[in-house]
2 protein chains.
Amino acid sequence: MRRGHNLLAVGDYNQAVILDLIRRATAGLSRVEIAVETGLSAQTVSNVARRLLDAGLVREAGKLRAGPGKPRTLLQLEASSRYAVGVHLDPTVVTFAVLDLAGAVVADHRIPTPSAADPDTVISVMAEEIRALLERESVSTDHVLGVGIAAPGPLDSTQGILLDPPLLEGWKHVSLREALADATGFPVVLEKDVTAAAVAELWVDSGTDRDNFAFLYYGTGLGIGLVVNHDVLRGASDNAGDMGHLMVQADGPLCSCGRRGCVGDLVVPHRLVQRAVAGGVLGPDLSVDSPIDGPVDHIDFDATDRRFSEFAAAAARGDRAALRITDDAAAHLARALVSVVNLLDIDHVVCGGPFWSRIAPVMQERIERLVAEDPALIPSHPVVLESSSIGEDVAAVGAGCLVLDQTLSPRPSALLIAG
Amino acid sequence: MRRGHNLLAVGDYNQAVILDLIRRATAGLSRVEIAVETGLSAQTVSNVARRLLDAGLVREAGKLRAGPGKPRTLLQLEASSRYAVGVHLDPTVVTFAVLDLAGAVVADHRIPTPSAADPDTVISVMAEEIRALLERESVSTDHVLGVGIAAPGPLDSTQGILLDPPLLEGWKHVSLREALADATGFPVVLEKDVTAAAVAELWVDSGTDRDNFAFLYYGTGLGIGLVVNHDVLRGASDNAGDMGHLMVQADGPLCSCGRRGCVGDLVVPHRLVQRAVAGGVLGPDLSVDSPIDGPVDHIDFDATDRRFSEFAAAAARGDRAALRITDDAAAHLARALVSVVNLLDIDHVVCGGPFWSRIAPVMQERIERLVAEDPALIPSHPVVLESSSIGEDVAAVGAGCLVLDQTLSPRPSALLIAG
């Protein structure tokens, strides 16, 4: 028996509109206010409110006395009535987040990505971790709306398939969405990692007027989620956000694409670790067997993760050789960002992803300054860089937000497939 | 006395909605259909229709017999009731287009950009050309809604100022919008050239389902207009669309930004002409005094325009040296497009601008194939290239469409300033 997909009737647009209004009004809304706001009849609002109350999605919370009439009962979201699970499959780490109906993270968990295992095994491990996390938090599976999974692109969003993510060996043409739905029993929505991160940033940021920004995603790979007019830009096949092959250095190392100087290949964590080893910042005991200027394959992600922390610590304490490496990386990233800013006229870049917070202290301000000083920068306004407030879980949180979006947002289409 | 800005009351949203509906229904619409479509009352529709008829913007055109009731009178747009003027200021050529209310080009005209003249003189020349063109077409100035002007960026769209367009010497911080409004007496809207081109493409293409595409603009400079979800992407300061500094060649010539291998510097028409002269494709009589690998300045645009036609003709007849140059340019453009496609997941590129049609026969298919074969391309879908059906006037037509958009589209904001 599949669960979760019948909690809200698909296509009940009025219900979604009303629930969305209540969700956004943290103080609560009266039925009269809802009718005024939506233009729906008092009778319709009353009927929908009754259904939402019966389903436990909203609660009555006090009375509002407005004018001479009788006091109005306020409806508030019952945040703990339903949950969404977000999963982020990164080549180095798998992150899990449980979100309540208001989008608050109520639990999270991380495991190293089982690199030797085949996709089927990894998917089983994910399902088991989700089950255990929900059990630990005493969340009934009946109250889980679905699972969102963020994964490296490129992917086939229609089929829910990972195509050939460059850093996930063995994950060619894996039907991740269907397999995870089968393994968990929940409906599953699949999104590219950088897009999910941008979704999370939009969601936590919904109160601000930041309608256009880029999310610089610094994970095992590099990517950039784009938000235009308060909407995530997904593109023709939901694969937008790849900036790894932007050329930034004339005599750079050879990239997997056959050219030199691609920004992704220059700045991703395992490359910085390799340079740190070569430059004597880190001792030689690293179990990374990829040559420093060779193409990316057989990377030891566990070791990279561990050594990257050591490297970032060296840069943070002012190690000259480490700072030369982060300075170079900052220059490469700034150059790539200038290309993106010139193309999209973006004035705000949020930085995050699993590896970002470790090097943000030595890189963020520097990148911002280098972008501002770049003679190739076209727009004359400042480009502000900031670190995501969501932290390393950002893509997992975004994947959970996608499930809430599917359930709560008043739009006719539904990405969720039945689990 | 300023004209044109009071023909439609600003903020009359219902009127704009109804006029927009009538415009899109080429066969005409009855008042009953309009009421059903808009949800407006029969009385409101009737009142607005009366105002539109009185203003001459629509006409009654035959009866529709639907069901047992009395036949319904159809309302049709009176395309010749109002006009918009579009101007495109390119460093080489100034293009003028007169559009009727339906967006059809009823007249166009081109003059070489007076390169030696100061902006004030050029603006006077533009105003005089507009006056003469309208007179030639017997368009009364009372029927002109406004002037749209497309110009190279970067620009300050709030102030209507050209900031420092790299190829328009002497045009630093010119208040083009206000000056042209003063010189013509019409309201003026200013837009970046590549954005205007994308607007034109969207407008003529409004019947199709092409919601996402890039407009590769090949003029005196290179740019790329972006359409996302059927809306032109303008960015934070309306300066989106610059791709000139995308690095595509490790050992390329020195660009004005101080780096080597920027695509704009490699492929713009005067560079191809310079290479053609250096390679013996064209005779040495060219009055271009800029060194081939030096920064761009003091370009003789008239000569470039003329010699570019000779060069394109040589390539078209199979001249080996000319084809080597166009092949290189195609490879550079393909590389830059791959960056854009990877970033935005675009599957459709429309090519145009003042110089495009001359080299399209030898470059379009080649670029399309090189994009498809590029190992750095992330999305797995085809990327289709086509030439704009609008031709060299595309940015001028787009500038005119902007005026119509301002007048006809039901949206609260108005970019037009009173002339």
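In what follows, chains carry the letters A, B, and so on, assigned in the order in which the sequence lines appear, proteins first and then strands, with residues in each chain numbered from 1. Quantities reported herein were computed from a predicted structural model and do not represent experimental measurements.
Both the backbone and the side chain of Leu343(A) come within contact range of chain B, judged by heavy atoms closer than 4.5 Å. Interface remark: Leu344(A) contributes backbone and side-chain atoms alike to the contact with chain B (heavy atom separation under 4.5 Å).
Taking Gln249(A), His381(A), Arg259(A), His348(A) one by one and counting their heavy-atom pairs under 4.5 Å with chain B, the maximum is reached by Arg259(A). Here Ser237(B) is the residue among Gly261(B), Pro154(B), Pro375(B), Ser237(B) with the most heavy-atom pairs under 4.5 Å with chain A. Your options are Asp374(B), Ile346(B), Asp156(B), Val341(B), and the one with the most heavy-atom pairs under 4.5 Å with chain A is Asp374(B). Of the listed residues (Leu377(A), Asp242(A), Asp347(A), Ile378(A)), the one with the most heavy-atom contacts under 4.5 Å to chain B is Asp242(A). The greatest number of non-hydrogen atom pairs below 4.5 Å with chain B, out of Gly153(A), Pro379(A), Gly258(A), Gly241(A), is found for Gly241(A). For the set Asp164(B), Val248(B), Val338(B), the entry with the most heavy-atom pairs within less than 4.5 Å of chain A is Val248(B). Residue with the most contacts toward chain A among Gly252(B), Cys262(B), Ala250(B): Ala250(B) (heavy-atom pairs, distance under 4.5 Å).
Looking only at side-chain heavy atoms (C-beta outward), Leu222(B) and Leu333(B) come within less than 4.5 Å of each other.
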(request) Evaluate the criterion side-chain contact (heavy atoms from CB on, under 4.5 Å) for residue pair Ile224(A) and Val194(A); output intermediate values, then yes/no. (result) CA-CA 6 Å; Ile224(A) 192 154; Val194(A) 298; over 6 Å; no
(request) Please assess Asn229(A) against Asn229(B) for the test side-chain contact (heavy atoms from CB on, under 4.5 Å), listing each intermediate value before the final yes or no. (result) CA-CA 10 Å; Asn229(A) 295 335; Asn229(B) 295 335; over 6 Å; no
(message) Pair His245(B), Ser256(B) - check side-chain contact (heavy atoms from CB on, under 4.5 Å), show working.
(response) CA-CA 9 Å; His245(B) 295 291; Ser256(B) 59; 4.2 Å; yes
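A salt bridge links Arg366(B) and Asp327(B); the closest N-O separation between the charged side-chain nitrogens and carboxylate oxygens is under 4.0 Å. Ion pair Asp265(A)/Arg271(A) flagged as a salt bridge, since at least one NZ, NE, NH1 or NH2 atom sits closer than 4.0 Å to an Asp/Glu carboxylate oxygen.
For the atom pair Leu385(A) CG and Arg369(A) CZ, the distance stands at 12.5 Å (nearest 0.5 Å).
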